[in-house]
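One structure below.
Numbers here simply count residues along the sequence, with the first being 1.
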Amino acid sequence: MNIRRFFTLTFSLILVLVFVTGAMAQEITVAQAVVCREIVDRMPVGSGDVIPVGTERVFCFTQIGGAQGETEITHNWYYQGALKASVVLPVRNSPWRTWSSKTLLPEWTGEWMVEVLSKEGTPLESIIFFVQ
């Protein structure tokens, strides 16, 4: 009889732990993601899907929602399908604004993409833009 109670109690505790762990899991979202020419007062300026040739630096601004405590996101910068940079950015709460930047070489014209990933590597957003 004691063994039966032990297993019942153990099973109940496991169920509670699974429920609590699932409830605590963060589901972060991207509230805003833009590519822009500069960041002023923590806000994007000059956003758009076409960046003029000769622009030396471009930014990817991301506003995150749903974070409960500290986590991180990654900005992967791709030029014509090739990974050029991977930037890990802290997220400390919700809403949270963060950004990364990429220096552009004059010959890097054409299609670019920034992929935003969760800490676990789940794709959250992608932004395609062109340097022309």
Side-chain angles (χ1 to χ4, degrees):
M1 193 72 164
N2 283 339
I3 291 176
R4 184 174 178 205
R5 285 186 191 162
F6 173 77
F7 283 117
T8 302
L9 180 60
T10 302
F11 181 72
S12 298
L13 287 173
I14 290 171
L15 285 177
V16 167
L17 286 173
V18 167
F19 177 77
V20 169
T21 302
M24 290 174 56
Q26 293 188 57
E27 183 145 341
I28 66 172
T29 59
V30 175
Q32 180 184 15
V34 296
V35 172
C36 60
R37 295 176 68 186
E38 60 182 321
I39 303 291
V40 177
D41 294 328
R42 300 184 328 153
M43 293 299 295
V45 175
S47 62
D49 57 357
V50 176
I51 302 295
V53 171
T55 302
E56 293 181 11
R57 191 172 187 192
V58 66
F59 297 83
C60 178
F61 172 90
T62 311
Q63 183 172 347
I64 299 296
Q68 300 171 6
E70 292 194 22
T71 187
E72 61 189 38
I73 61 169
T74 301
H75 285 175
N76 283 337
W77 291 79
Y78 294 91
Y79 171 60
Q80 297 183 349
L83 181 66
K84 292 294 183 183
S86 185
V87 183
V88 177
L89 302 163
V91 174
R92 295 198 168 89
N93 214 334
S94 179
W96 190 263
R97 296 176 288 185
T98 189
W99 57 88
S100 65
S101 66
K102 182 73 184 104
T103 300
L104 299 176
L105 296 179
E107 62 268 20
W108 286 350
T109 60
E111 185 178 83
W112 282 83
M113 181 179 76
V114 180
E115 182 180 45
V116 182
L117 304 174
S118 70
K119 182 177 184 175
E120 297 76 26
T122 304
L124 300 173
E125 186 75 41
S126 60
I127 307 157
I128 296 174
F129 68 99
F130 298 88
V131 176
Q132 298 180 341

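- Side chains of Glu125 and Glu115 form no contact here, defined as non-hydrogen atoms less than 4.5 Å apart.
- Each side-chain hydrogen bond (donor to acceptor under 3.5 Å, both in side chains) pair with one or both residues in residues 35-57, not counting sequence neighbours, appears once here: Arg57-Ser101.
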Side chains of residues 80-91: which donor-acceptor partners sit under 3.5 Å, not counting sequence neighbours?
from  : atom 1 : to     : atom 2 : distance (Å)
Gln80 : NE2    : Thr109 : O      : 3.4
Ser86 : OG     : Asn76  : OD1    : 2.7

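- Tyr78 and Leu105 fall into different hydrophobic clusters, where Ile, Leu, Val, Met, Phe, Trp and Tyr are joined by side-chain heavy atoms under 4.5 Å apart, directly or via other members.
- Taken from OG1 in Thr74 to CD in Glu72, the straight-line distance is 6.0 Å, to the nearest 0.5 Å.
- Closest non-hydrogen pair, Gly66 versus Ser94, comes out as N-OG, 2.8 Å.
- In this structure, Val58 and Leu104 have side chains that are in contact, with non-hydrogen atoms separated by less than 4.5 Å.
- Side-chain rings of Tyr79 and Trp112 approach one another, their centers coming within less than 6.0 Å.
- The same ILVMFWY cluster, assembled from side-chain heavy atoms under 4.5 Å apart, contains both Val114 and Val131.
- Annotation: the span from Cys60 atom SG to Lys102 atom NZ amounts to 13.5 Å, rounded to 0.5 Å.
- Shortest non-hydrogen contact noted between Met113 and Phe129 is N-CE2, 4.4 Å.
- Transitive grouping of hydrophobic side chains (ILVMFWY, heavy atoms separated by less than 4.5 Å) brings Val35 and Trp108 into a common cluster.
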Q.
Run the side chain to side chain contact (heavy atoms under 4.5 Å, CB included) test on Arg97 and Met43 for me, step by step, so that the C-alpha distance in whole Å, both residues' side-chain angles and the decisive distance to 0.1 Å come before the verdict.
A. CA-CA 8 Å; Arg97 296 176 288 185; Met43 293 299 295; 3.1 Å; yes
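- Side-chain contact check for Trp96 versus Gln63: every heavy-atom pair is 4.5 Å or farther apart.
- Scored by the side-chain contact (heavy atoms from CB on, under 4.5 Å) test, Leu124 finds Ile28, Val30, Ile73, Val116, Ser118 as partners (sequence neighbours excluded).
- Hydrophobic side-chain contacts under 4.5 Å tie Val40 into a cluster, directly or through other members, with Val45.
- With sequence neighbours excluded, the residues satisfying side chain to side chain donor-acceptor pair (under 3.5 Å) with Trp77 are Ser100.
- Between Ile128 and Glu111, some side-chain heavy-atom pair lies under the 4.5 Å cut-off.
- For the side-chain contact (heavy atoms from CB on, under 4.5 Å) test, residues two or more places apart in sequence or in another chain that qualify with Gln132 are Val50, Phe130.
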